[in-house]
Trainee: 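Dropping a structure here in structure tokens format, bear with me for questions.
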Amino acid sequence: MEMTIYDILLEEFNTDDDQFYFEAKQSFSLEKLPKILFFQTLIKAVPERDKIIINLTNDTGRELRIDNVTLNDTFIDFISGSDQIDVTISINKNVLNHTLSIFNYNKFIDNLSKLDNIDFLNFLSSIITSKAEYIFFEVYDNDMLGKAYRTETIFFKYYNDKCFEYSKTNRLELFSKVLFTNNFLNLNEFPLLPNDFHIVSSEFDSRIKELFQKWEILFSFIYLASFSFLHKEKLNLSKNATKNITDVININQFSFLYTKEIYDIFSWIYHDDVYLDKLTIAREVIESPTFHFSDLKLSVKDISRVYNLYIKNNVIEYLSAKKDIGDFIVHTLYEMDQYRNVIIGSFSNNFVALVAFITTTMIANIVSDSPLDNIFSKDILWLLLFALFGSLIYCYLSNKKFNKDIKDFNKVFERLKNNYKDILVEEDIGSLFSESEFKQQVENISEIRLNINIIWIFSSIVLIILTIVALCNKYT
């Protein structure tokens with residue numbers, strides 16, 4: 001395989017790779033000093049997110065900084081007359097698009113494994129924030145060629161490797177659940193999850209494997225505990241609702257035989273919509289006097305057994321809730337259906353009252369001694385005008401009552417829905433309290449009401465205009 005510019009760099013220089021800083025140093029004789037083309041090729045090869053600085057020092061102590069525009073003549077002039085040239089290459093690494101560079105993989109991992117616990121957490125917390133889904137360590141060292149190490153959210157991959165499976169874990173959603181339920185005092189300082197440490201690749205670097213497994217277990221403890229905080233290399237945990245500290249784990253001395261059970265409990269709780277109920281049950285089990293975090297004896301089976309009993313105890317309430325909801329919906333839809341008759345009845349009563357008024361007036365005039373052409377006298381027309389205005393007022397009050405009743409139905413509907421949020425899961429609430437029938441019924445009634453309002457208001461306005469015209473003719 002042809003050597004890359006990075007391979008040459010690691011082979012020709014003494015290098016060190018820390019978390020955010022890479023450095024390469026070497027003293028060269030004039031014959032072995034790389035050409036300026038090497039340095040300028042390296043400058044172009046380094047990712048844009050990182051900043052590279054190349055300094056040369058000659059025998060006299062003079063310095064030359066190499067960049068893309070440094071001329072070869074300037075380079076030749078600087079090294080002329082010197083027996084030895086000291087070269088220092090430094091790269092300040094930055095995180096961009098969830099990616100951090102590694103130029104010397106072995107040095108980087110060695111340095112990472114030597115960090116004390118708090119510095120290790122600080123480093124990860126600086127690159128995996130509460131808003132990050134994942135982080136890529138992009139390795140430019142061919143020692144990583146053909147390898148792929150990963151946890152659920154952290155990936156070590158060779159920079160030219162384009163085929164890489166992304167995690168299916170929704171870290172942002174998971175972190176929002178933890179944020180809602182946790183009592184971890186250092187969460188803002190260390191916004192990390194057990195998933196960040198849970199190894200899912202078949203192979204992982206042995207120098208940091210145990211470190212990752214340790215923090216997978218400890219962060220599972222942190223989010224299962226009722227209260228927790230880190231202080232001076234000690235993890236303080238409370239299993240009681242009173243939040244008094246019941247377990248203190250010395251992180252440096254924490255010895256364990258790795259078991260996935262503790263992480264599985266965390267995963268079983270938080271990868272579910274009913275995580276609040278599951279967490280409550282888990283904490284009740286943990287509160288037992290016989291339980292100690294460091295024993296690592298708890299399993300998903302232990303928690304799920306208690307949780308299943310909890311579910312069974314809620315079955316009676318669940319069925320009762322379904323019955324109440326069903327009765328309410330049937331009653332509400334029936335009352336809504338009656339509104340058709342109420343609206344049509346209001347219009348009919350108004351129309352019948354108006355016709356009865358005119359008919360009574362005509363009959364009274366027919367049986368009286370007055371001539372028939374005096375039926376619509378001034379007094380009668382005034383009474384008719386008042387009746388028509390009264391009809392419009394009645395129409396307005398009927399519509400106002402309808403709107404108020406719809407609002408009252410909605411309030412009762414929402415109140416009943418909220419009453420069962422503690423008993424039913426969101427999916428059941430959504431299916432039981434389906435608003436489709438309710439909305440469809442309201443739309444049908446509203447359509448009938450609109451048609452009747454148009455007829456009612458239009459006919460009343462026409463009659464009012466005709467009555468006013470008739471009155472004007474009487475007074476002229």
Trainee: Whether K147 and E203 form a salt bridge (side-chain N of Lys/Arg under 4.0 Å from carboxylate O of Asp/Glu) is what I want to check.
Mentor: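 A salt bridge is absent here (no side-chain N lies under 4.0 Å from a carboxylate O).
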
Trainee: What verdict does the side-chain contact (heavy atoms from CB on, under 4.5 Å) test give for I217 and Y263, after you've listed the backbone C-alpha separation in whole Å, the side-chain angles of each residue and the deciding distance to 0.1 Å?
Mentor: CA-CA 6 Å; I217 292 172; Y263 171 78; over 6 Å; no

Trainee: Applying salt bridge (Lys or Arg N to Asp or Glu O under 4.0 Å), run through R207 and D110 and close with a yes or a no.
Mentor: CA-CA 7 Å; R207 289 169 289 179; D110 281 341; 3.0 Å; yes

Trainee: So for atom NZ, which belongs to K177, do other residues, nucleotides or ligands contribute more than 12 heavy atoms lying within a distance under 6.0 Å?
Mentor: yes

Trainee: Using 30° and 60° as the class limits, which term best fits the ring planes of F13 and F38: parallel, tilted or perpendicular?
Mentor: parallel

Trainee: Evaluate the criterion side-chain hydrogen bond (donor to acceptor under 3.5 Å, both in side chains) for residue pair N55 and D86; output intermediate values, then yes/no.
Mentor: CA-CA 8 Å; N55 283 323; D86 296 330; over 6 Å; no

Trainee: Quick one: does any side-chain atom of S82 pair with a main-chain N or O of Q84 as donor and acceptor, under 3.5 Å?
Mentor: no

Trainee: Would the number of heavy atoms belonging to other residues, nucleotides or ligands and lying under 6.0 Å from CG of N244 be above 12?
Mentor: yes

Trainee: Once you round to the nearest 0.5 Å, how far does OG1 of T88 lie from CG of L56?
Mentor: 8.5 Å

Trainee: Please tell me if the side chains of D143 and L145 come closer than 4.5 Å, counting only heavy atoms from C-beta onward.
Mentor: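 No, too far: nothing below the 4.5 Å cut-off.
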
Trainee: Answer yes or no: is there a side-chain heavy-atom contact under 4.5 Å between I249 and K234?
Mentor: no

Trainee: Please say whether more than 12 non-hydrogen atoms of neighbouring residues, nucleotides or ligands are located less than 6.0 Å from NZ in K209.
Mentor: no

Trainee: Does a side-chain N-to-carboxylate-O contact under 4.0 Å join K260 and D264?
Mentor: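 Salt bridge flag = yes for D264 with K260.
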
Trainee: Quick one: pull up CG in L96 and OG in S101 and give me the separation to the nearest 0.5 Å.
Mentor: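 Taking CG in L96 and OG in S101, the distance rounds to 9.5 Å.
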
Trainee: Do E23 and Y21 have side-chain N/O donor and acceptor atoms under 3.5 Å apart?
Mentor: yes

Trainee: What distance do D196 atom CG and F175 atom CZ have between them, rounded to the nearest 0.5 Å?
Mentor: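 Going from the CG atom of D196 to the CZ atom of F175 covers 9.5 Å.
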
Trainee: What do you reckon, are the aromatic ring centroids of F20 and F123 less than 6.0 Å apart?
Mentor: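 That pair passes the under 6.0 Å test.
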
Trainee: Counting only N and O atoms by type, is there a donor-acceptor contact under 3.5 Å from the side chain of N183 to the main-chain atoms of S226?
Mentor: yes

Trainee: Using the ring of each side chain (for Trp, its six-membered ring), is Y159 parallel, tilted or perpendicular to Y6, with breaks at 30° and 60°?
Mentor: perpendicular

Trainee: Would you say R150's side chain and I199's backbone share a donor-acceptor pair under 3.5 angstrom?
Mentor: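 The answer is no, because no donor-acceptor pair under 3.5 Å joins these two groups.
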
Trainee: Look at the side chain of S176 and the backbone N and O of E173, then say whether any donor-acceptor pair between them is shorter than 3.5 Å.
Mentor: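 Such a contact is found between S176 side chain and E173 backbone.
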
Trainee: Would you say T151's side chain and I154's backbone share a donor-acceptor pair under 3.5 angstrom?
Mentor: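 Answer holds: yes.
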
Trainee: Can a donor-acceptor pair be found, under 3.5 Å and without considering hydrogens, that links the side chain of K239 to the backbone of T246?
Mentor: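 Pair absent, no side-chain N/O of K239 close to backbone of T246.
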
Trainee: Quick one: CG on N58 to CG on L64, what's the gap to the nearest 0.5 Å?
Mentor: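 Those atoms lie 9.0 Å apart.
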
Trainee: Looking only at side chains, do T280 and D277 share a donor and an acceptor under 3.5 Å apart?
Mentor: no

Trainee: Listed by chain and number, what are the side chain to side chain contact (heavy atoms under 4.5 Å, CB included) partners of D119, not counting sequence neighbours?
Mentor: L115, D116, N122

Trainee: CG/L187 to CD/E189 distance, rounded to the nearest 0.5 angstrom?
Mentor: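 Going from the CG atom of L187 to the CD atom of E189 covers 10.5 Å.
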
Trainee: Using a 3.5 Å distance criterion without hydrogens, assess whether the side chain of D50 forms a donor-acceptor pair with backbone atoms of I91.
Mentor: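 Flag not set: sc D50 to bb I91 has no pair under 3.5 Å.
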
Trainee: Has N250 got a side-chain atom pairing as donor or acceptor with N252's backbone, closer than 3.5 angstrom?
Mentor: yes

Trainee: Yes or no on side-chain hydrogen bond (donor to acceptor under 3.5 Å, both in side chains) for S228 and Y223, after CA distance, side-chain angles and deciding distance?
Mentor: CA-CA 8 Å; S228 57; Y223 297 124; over 6 Å; no

Trainee: Does the side chain of K214 come under 3.5 Å of the side chain of N117 through a donor N or O and an acceptor N or O?
Mentor: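 Present: a donor and an acceptor within the cut-off.
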
Trainee: Identify which one of F103, Y140, F137 satisfies the ring pair (Phe, Tyr, Trp, His ring centres under 6.0 Å) criterion when paired with F108.
Mentor: F137

Trainee: What distance do I36 atom CD1 and T74 atom OG1 have between them, rounded to the nearest 0.5 Å?
Mentor: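 Nearest 0.5 Å value for the CD1-OG1 distance: 7.5 Å.
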
Trainee: Could you tell me how the ring of F120 sits relative to the ring of F197: parallel (under 30°), tilted (30 to 60°) or perpendicular (over 60°)?
Mentor: tilted

Trainee: Taking atom types as modelled, is there a side-chain donor on D77 or S80 under 3.5 Å from an acceptor on the other?
Mentor: no

Trainee: Looking at side-chain heavy atoms only, is the closest gap between I102 and D17 below 4.5 Å?
Mentor: yes

Trainee: Relative to the ring of F155, is the ring of Y134 parallel (under 30°), tilted (30 to 60°) or perpendicular (over 60°)?
Mentor: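 Judged by the thresholds at 30° and 60°, the geometry between Y134 and F155 is perpendicular.
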
Trainee: Whether the side chain of D161 engages the backbone of K157 through a donor-acceptor N/O pair (distance < 3.5 Å, no angle test) should be reported.
Mentor: no

Trainee: Do E133 side-chain atoms and R171 backbone N/O form a donor-acceptor pair below 3.5 Å?
Mentor: yes

Trainee: Look at the aromatic rings of F156 and Y105 and report parallel, tilted or perpendicular, splitting at 30° and 60°.
Mentor: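 Taking Y105 first and then F156, their aromatic rings stand perpendicular (interplane angle over 60°).
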
Trainee: Start with the C-alpha distance between Y275 and F180, add both sets of side-chain angles, then the distance that settles side-chain contact (heavy atoms from CB on, under 4.5 Å), and finish with yes or no.
Mentor: CA-CA 11 Å; Y275 65 96; F180 182 66; 3.7 Å; yes

Trainee: Considering only NZ, NE, NH1 and NH2 on the basic side and carboxylate oxygens on the acidic side, decide whether K93 and D18 come within less than 4.0 Å.
Mentor: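 Answer for the salt bridge query: no.
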
